[in-house]
Amino acid sequence: MRLGINLGYWGAGMDADNLAVAQEADRLGYSVCWAAEAYGSDAPTVLSWVAAHTERIDVGSGIFQIPARAPAMTAMTAATLDSLSGGRFRLGLGVSGPQVSEGWYGVKFDKPLARTREYVEIVRKAMSRERLTHSGEHWTLPLPDGPGKPIKLTVHPVREHIPLYIAAIGPKNLEQTGEIAEGALLVFFSPEHAEETTLAPVRAGRAKAGRELAGFDICPTVPMAQGEDVDALADLFRPYTALYVGGMGSRKQNFYNKLARRMGYEKEAAEIQDKYLAGDKEGAAAAVPKELIDSTTLLGPVERIADRMQAYAEAGATTLSLAPAGFTLEERLASLRAGVEALERAGLA
């Protein structure tokens, strides 16, 4: 199992710290550095900055939002980043959520699976440097009865095939991801529930494509906090968990809430959502079970983190992307070093 680092979103006064974290991860031998985007910092700019200041670590979009860009634009960006980074780019895609898609980009959040499949087809064709033609439900290239003509990408990526990941949570999305991608970007991945919530649908998708699960990158982002008091460390992630389970999306369409329910937290997920949507964020955080936090994070001293890393590896994770907690740069860098030490203690390095 390899280690990655997830920088999350750029900004909030942490720009210099994020670059230092990426550089330390590069020095320590982490395999990939992911950057996210929602409606603030954009991922391509961050990744180009990180790539310019590192030497070996891959840079990955975690994620490029599908409603934000035409598929051909994503292919151009991926090819450019792969070229500028010397073949170190990984392309992560996702549909975002209805609030961002429709509220920020003005793109209707409908048929996300079909839209993703079609988007991936166009991106792959464009990156292969074929002349780009496509006739589908969501995109037609070139547009009919106009001056457009089939053209091909002029940038030559370093690699013939840039690894493509999809952010997936629900069973149908996970199955399709197994079928059409090289990896899945995951959150709230619990080793104790991995088979039923993640691996079974991914495996089914791989079978559809005539492939085995081996070689597919199961890549969860896992919050991490090092220390002796596990209960206190778990409390650090209560607001984060409550935000996603309770407040991310609407009452009818919250993918993270549905995931918590599939993990067996039916009653708790409903309570967290009720309180969060009623404006009681503190009550929602207090309602998050410690067991849910502990099973989806890395908490405690290095020895305990090593044991949990072993559980992640046994559950099928192949790249563990850490999101280290810390109020200072020194704390975050210490967590990066602890992650390497824990991986070595677990015999997984």
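Sequential numbering from 1 along the given sequence is applied to the chain's residues.
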Before you tell me yes or no, could you show the steps for Ser101 and Gln65 under side chain to side chain contact (heavy atoms under 4.5 Å, CB included), namely the whole-Å CA-CA distance, both residues' side-chain angles and the distance that decides it to 0.1 Å? CA-CA 9 Å; Ser101 183; Gln65 297 171 104; over 6 Å; no

Derivation and outcome, side chain to side chain contact (heavy atoms under 4.5 Å, CB included), residues Glu331 and Gln226: CA-CA 9 Å; Glu331 289 174 332; Gln226 182 190 7; over 6 Å; no

Chi angles and distances behind the side chain to side chain contact (heavy atoms under 4.5 Å, CB included) call for Leu333, Arg337: CA-CA 6 Å; Leu333 296 181; Arg337 293 188 283 270; 3.8 Å; yes

Please assess Thr154 against Arg129 for the test side chain to side chain donor-acceptor pair (under 3.5 Å), listing each intermediate value before the final yes or no. CA-CA 8 Å; Thr154 61; Arg129 303 188 67 252; over 6 Å; no

The test is side chain to side chain contact (heavy atoms under 4.5 Å, CB included); show your working for Trp10 and Leu19 and say whether it passes. CA-CA 10 Å; Trp10 207 258; Leu19 183 57; 4.3 Å; yes

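Between His161 and Arg124 there is a side-chain heavy-atom pair separated by less than 4.5 Å. You'll find the side chain of Leu174 stays beyond 4.5 Å of the side chain of Glu179, heavy atoms only. Within the 4.5 Å cutoff, the side chain of Leu7 has heavy atoms near those of the Val50 side chain. Here the side chains of Ile66 and Arg115 are in contact, with some heavy-atom distance below 4.5 Å. Thr318 has its side chain within reach of Arg2: a pair of non-hydrogen atoms, C-beta onward, lies under 4.5 Å apart. Between Thr116 and Ile166 there is a side-chain heavy-atom pair separated by less than 4.5 Å. Contact check for Ile5 versus Trp34: no side-chain heavy atoms found under the 4.5 Å cut-off. Using a 4.5 Å heavy-atom threshold, the side chains of Val95 and Phe109 count as touching.
Using modelled atom types and a 3.5 Å distance limit, the side chains of Asn6 and Thr221 yield a donor-acceptor pair.
Other residues, nucleotides and ligands contribute at most 12 non-hydrogen atoms within 6.0 Å of the NZ atom of Lys108. Atom CZ of Arg159 has more than 12 heavy atoms from other residues, nucleotides or ligands within 6.0 Å. For CD1 of Ile151, the number of neighbouring non-hydrogen atoms (other residues, nucleotides, ligands) closer than 6.0 Å is 12 at most. Applying the 6.0 Å contact sphere to CD of Glu195 captures more than 12 heavy atoms from other residues, nucleotides or ligands.
Here Ser190 contributes atom OG and Tyr265 contributes atom OH; the two are 7.0 Å apart, rounded to the nearest 0.5 Å. Note that the CD1 atom of Ile162 and the CD atom of Glu182 stand 10.5 Å from one another [nearest 0.5 Å]. Within the model, atoms NZ of Lys267 and CD1 of Ile272 stand 12.0 Å from one another, a figure rounded to the nearest 0.5 Å. With rounding to the nearest 0.5 angstrom, the CE atom of Met73 is 9.0 Å from the CZ atom of Phe64. Of the inter-residue distances, the one linking Tyr312 atom OH with Leu348 atom CG reads 13.5 Å to the nearest 0.5 angstrom. Atom-to-atom distance recorded for Leu81:CG and Arg90:CZ is 14.0 Å, nearest 0.5 angstrom.
Between Leu93 and Val120 the shortest heavy-atom distance is CD1-CG2, 4.1 Å. Considering all non-hydrogen atoms of both residues, Phe189 and Ala194 come closest at CZ-CB, 3.5 Å. Shown here for Ala36 and Tyr9, the closest heavy-atom pair between the two residues is CB-CE2, 3.6 Å. Contact between Val245 and Asn254 at its shortest, heavy atoms only, is O-ND2, 3.3 Å. Smallest separation of non-hydrogen atoms from Ala168 and Leu186: O-CD2, 3.5 Å. Nearest approach of Pro150 to Arg131, heavy atoms of both residues: O-NH1, 3.3 Å.
For Asp235, the salt bridge (Lys or Arg N to Asp or Glu O under 4.0 Å) partners are Arg238, not counting sequence neighbours. Partners of Glu303 according to the salt bridge (Lys or Arg N to Asp or Glu O under 4.0 Å) rule, which considers only residues two or more places apart in sequence or in another chain, are Arg345.
Aromatic ring orientation, Tyr240 versus Phe237: perpendicular (interplanar angle above 60°, classes split at 30° and 60°). Ring orientation note: the planes of Trp104 and Tyr39 are tilted relative to one another, at an angle of 30° to 60°. Relative orientation of the Tyr119 and Trp139 rings is perpendicular, given thresholds of 30° and 60° on the angle between their planes.
Screening Asp229, Leu236, Asp231, Leu233 against Leu299 for a side chain to side chain contact (heavy atoms under 4.5 Å, CB included) leaves a single residue, Leu233.
With respect to the salt-bridge test (charged N to carboxylate O, under 4.0 angstrom), the residues Glu24 and Arg332 do not qualify. Ion pairing between Glu121 and Arg117 fails under the 4.0 Å rule for side-chain N and carboxylate O.
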